[in-house]
Each structure stands twice: as structure tokens, then as C-alpha cells.
Number of protein chains: 2
Amino acid sequence: MALSTPVHLTPRKKPRQTRATATLDAIFEATIQVLVVDGPRRLTTTRVAERAGVSVGTMYQYFPHKQALFYALNARYLDTLAEKIESACRAQRGAPINQMIEALVTTYWNAKTERVEVTRALYRSVVEIDNEPLIEAFSGRVDAATAAMFASASDAAFADLPAVNLTLLTTIFGTVRSVFERNLPISEGQAVHRQLVLMCIAYLEAVKIPSPRHKDGSATGEL
Amino acid sequence: MALSTPVHLTPRKKPRQTRATATLDAIFEATIQVLVVDGPRRLTTTRVAERAGVSVGTMYQYFPHKQALFYALNARYLDTLAEKIESACRAQRGAPINQMIEALVTTYWNAKTERVEVTRALYRSVVEIDNEPLIEAFSGRVDAATAAMFASASDAAFADLPAVNLTLLTTIFGTVRSVFERNLPISEGQAVHRQLVLMCIAYLEAVKIPSPRHKDGSATGEL
DNA sequence: ACCTGAACACCGTTCAAGT
DNA sequence: ACCTGAACACCGTTCAAGT
């Protein structure tokens, strides 16, 4: 289930003693703090080490370079996020499609807005790393989870499920990111959140092939 | 019309001689090239200067620091992009809403995919700078242009135009960014493009207050 | 098995000197 | 009015020495 990682970005060692585990946690925590307070550009290895209460040398025992630190941080974060989405999708199996969308958007939204500064810091830290493998692994997991969910919808089917699935995910993830990038106030963010749900529902309504037990027979899927 | 810029990010001087103008152009061009070829992390001031055929000192006559270089590059880019959107919106005044959406999405899409590597490089360079003022200025211009366009639609009106407008822009911009971030192949990108148009149209259909001369009277705006 | 921190290479930035 | 490039401070990374 863990995200795959290219060799050159792998942590140098796994901690074997409790002292080492504590050190690793301290380094991660310090990285987030420095990222949030000083921003990615002023994050120096010395500063992170200082804040974590270890020497620079120690950091380099666990991470071959600064990049690897950001990489590991994002891997951790995306792993947790993918798990949340997977579990939400599992919980929605067989539900009506509108409820699925509502659950998906809200799960993602809440995960991102839970700790706004951390999310923003991570969005910005991503640029420092070659994050394609991370994004790919994350996308693969989420694609699979949501596709399975949509396929199980009680009131709709889709002529080209992969395309619909990809469009929905790209739209939802992108919209949330856009809200962060524009630094929208919470109230406007919430408005966009609600509108986004409406938008996804309207889209699905337009492209779905209604299943027999559903009354509405308005639109046919045109892909 | 130009984007406003905080003092500390302003170029130090405007070129007064033709030689200086050529130097500035060379620096911008070199920056893009290094960005595309080596990536933002390996972009050093020396390397840009070398590629531009000037000394480091010359660069620092025009830009007080590396950040300012990225900033100016993005300002230029966003200025051109805003102009394209504004002109597309002007051309659509009074048109039916579906055609507006098609034009808006396609204008933005084409501008971003015209030179894919440059777009990607700029997306990545943004993290190095404090780009909030840039995004704000750009968003302000585009918000105004699209809001005016939608308000002039021949076949629809909206109960809460600002919310609809914000949602559409956030969604379109975010989706395009997402496509780049996921590194989707062109064919899938095009598929998402088409679906995105469908999605926006379905959304507008759901929230619009139809104007009398339009035949369809299905949905009422629910904001 | 894990930690330290001085030492080295390289990059951002400056400024006295040039045309 | 514009350009040069050696010089300086600082940051990423290493490694010999410590517990």
C-alpha cells in the first residue's frame, strides 16, 4: 500500500532503536514548522536540524539530501490522504451517485482544510522535488478507489467511466488547489466547495446512462 | 493594464539604450531556457548570465535578486495571458452562454498548451517567489472580464453571478493545472478538456435563470 | 548504532574598476 | 549608461572522531 519511491530518494536507513525513531519524528515535525514559519526558500538544513535538536550530520544519516526530506514528507502526507479517500470510497459502495460525489468532494476538502498552513506549505514544498512518482502513485490509488465506487452506483452507469472518473478527479483536486493558490477567504472557499458539488452532480447527470430503477430519464451520455 | 508589483520585487532600472533592452531580452530568454533544460533547482544566476552572454553583475543591475527574475518572468507571462482572456471575453459579448464557456475554456487551454515545457517550467518556478500579488492582480483582471461577459449572455442570467464566476474560473484554472501536474498524455488531456466544457455547461444549465427568448425552461438557479 | 560539527565546494550577491 | 568578475557570506553536504 505504501507509495513506491525511486532509489535515490529513499531514506538511507530505517530506525532500529527508539532513539532513532524519535529523531526521525523530530526531523519531520521540525521541517513542517520551519516550512510554515519561514517558507520553503528560507528552510536550511541547519535550521531544521537546530529546531529538531540534532546536528546536521544526523539529518544526513536519514536523508541523502534536502530533496529527500521534502520527498519523504510528501510521501507520508499523500499516503494518509490516499487512505482517507479509499476508506470514504469503500463506505459509499452501492450508494446513489450524488451522495458519492458529495462524500468524495467533502472528504478531500476537509483533509486539505484541516490544517491550512500545513497544506499550503506542502503545496509549496512540492516544487523543490521531482514529485512525479509521488503524484503517479497517489493518482493510481485514488483513481482505482473512485472508479470502483462509481461503478457500483445504485442509480447510474457510464459509457466511458475512465474518462468521467479522470475528469472528476482532475477537476476536484485542481479546484481545491486553485482555492489555496488564490488565497480565498474561508467563506468564499466554502461557496466554491458547495458549487463544486453542484457542478459535479450536474456533469454526471448529463453524461450518465440512467439505470432502470431511477425515475429521471432526461439526458443520455454523450462522450 | 500592467500588473502591480511590490517595491522590493521591482526591476532596478528600465532600459534606456537599445543595448540594455537587448540585454534584458537575452536574460529572460536565457532564464526560460535554463528553467526548461535544467529545472528550477539547478538554475543558478551564473548559469543564466552565461547563457545570456552577460556577467552576473549585469543581471543584478536589472534584478535585485533571483526571486525578482522569476517574478518578472511570471508577471510578463500572466500579463499576456490576461490579455488573451480579456480579448476572448470581449469577442463573446452577447453570445449564448454555452459558446462563451467553450471559448473561455479553449482560450485558456490553448494558451497553456501552446508551449508545454514553458508552462510547466513557469508553474514550477512560481514556488520560488512570493507570487500572491501576481495571482491577485491576474485574478482580478480575469474575474472582471469573465463576469462582464457572462452578464451579457443572450440566453441566461444568474442569481449569484460572482459565485458562479468564481467557481468557473477556479475550476477551469485548477483543472488545467492538475492535468499538467499529473503529466497526462495529450490524448487524455484533450479528453479532459472536452469533458470540462461539458461539465461547465451542465453546471450553468443547473444554476441559470433562463431568459425569456430561450425555449428550455428546465432548471431554476439554486444558490 | 547513532550522533557531532568543523571543513569544503558552490551559489547568491556586492562593488570597485572598466568602457 | 552600462558592463565586468574577483571577493565575501552563507548553505548543502561530507567525514573523521566521538558515545
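Only heavy atoms go into these numbers, but all of them, side chains included; no hydrogens, no water, no symmetry mates. Residue numbers start from 1 in every chain, and the chains themselves are labelled A, B, ... in the order their sequence lines are given, proteins ahead of strands.
Here Y62(B) reaches the OP1 or OP2 of dC3(D): one of its side-chain N or O atoms lies under 4.0 Å away. Using a 4.0 Å cut-off, no side-chain N or O of Y60(A) falls inside it from OP1 or OP2 of dT14(D). Distances shorter than 4.0 Å separate none of the side-chain N or O atoms of T23(B) from OP1 or OP2 on dC2(D).
In terms of position on DNA chain D, the residue among K66(A) and T58(B) whose nearest nucleotide sits closer to the 5' end is T58(B).
In this structure, the side chain of T146(A) engages the main chain of D143(A) through a donor-acceptor pair within 3.5 Å. Looking at T119(B), its side chain does come within 3.5 Å of a backbone N or O of K112(B) through a donor-acceptor pair. Remark: side-chain polar atoms of N165(A) are not paired, donor with acceptor, to backbone N or O of L161(A) under 3.5 angstrom. The backbone N or O of I135(B) lies less than 3.5 Å from no partner atom in the side chain of R182(A), so there is not a single donor-acceptor pair.
Atom CG in L24(B) sits about 9 Å away from atom P in dC3(D), given to the nearest Å. Note: NE2 (H65(B)) to P (dT13(C)) measures 7 Å, nearest angstrom. Per the geometry, CZ belonging to F63(A) stands 15 Å off P belonging to dT14(D), to the nearest Å. Atom CG in L69(B) sits about 11 Å away from atom P in dG12(C), given to the nearest Å. What separates CE of M59(B) from P of dT4(D) is a distance of 12 Å, to the nearest Å. Taking atom CD of Q61(A) as the reference point, atom C1' of dA17(D) lies 13 Å away to the nearest angstrom.
A heavy atom closer than 4.0 Å to some atom of DNA chain D occurs in L43(A), T44(A), T45(A), V56(A), these being the qualifying members of residues 36-56 of chain A.
For F28(A) and F63(A), the gap between ring centers is short of 6.0 Å.
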Item to complete: Give DNA chain C the dot-bracket treatment, 5' to 3': Watson-Crick (N1-N3 with N6-O4 or O6-N4) or G-U (N1-O2, O6-N3) under 3.5 Å, [ ] crossing, | other strand.
Response: ||.|||||...|||||.||
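Using a 30° and 60° split on the angle between ring planes, F158(A) and F150(A) fall in the perpendicular class, above 60°. Taking the six-membered ring where tryptophan is involved, the planes of F173(B) and F138(B) are tilted, since the angle between them lies from 30° to 60°.
For Y203(B) and Q195(A), the side-chain atoms include at least one donor-acceptor pair closer than 3.5 Å.
E117(B) CD: more than 12 foreign heavy atoms inside a 6.0 Å radius.
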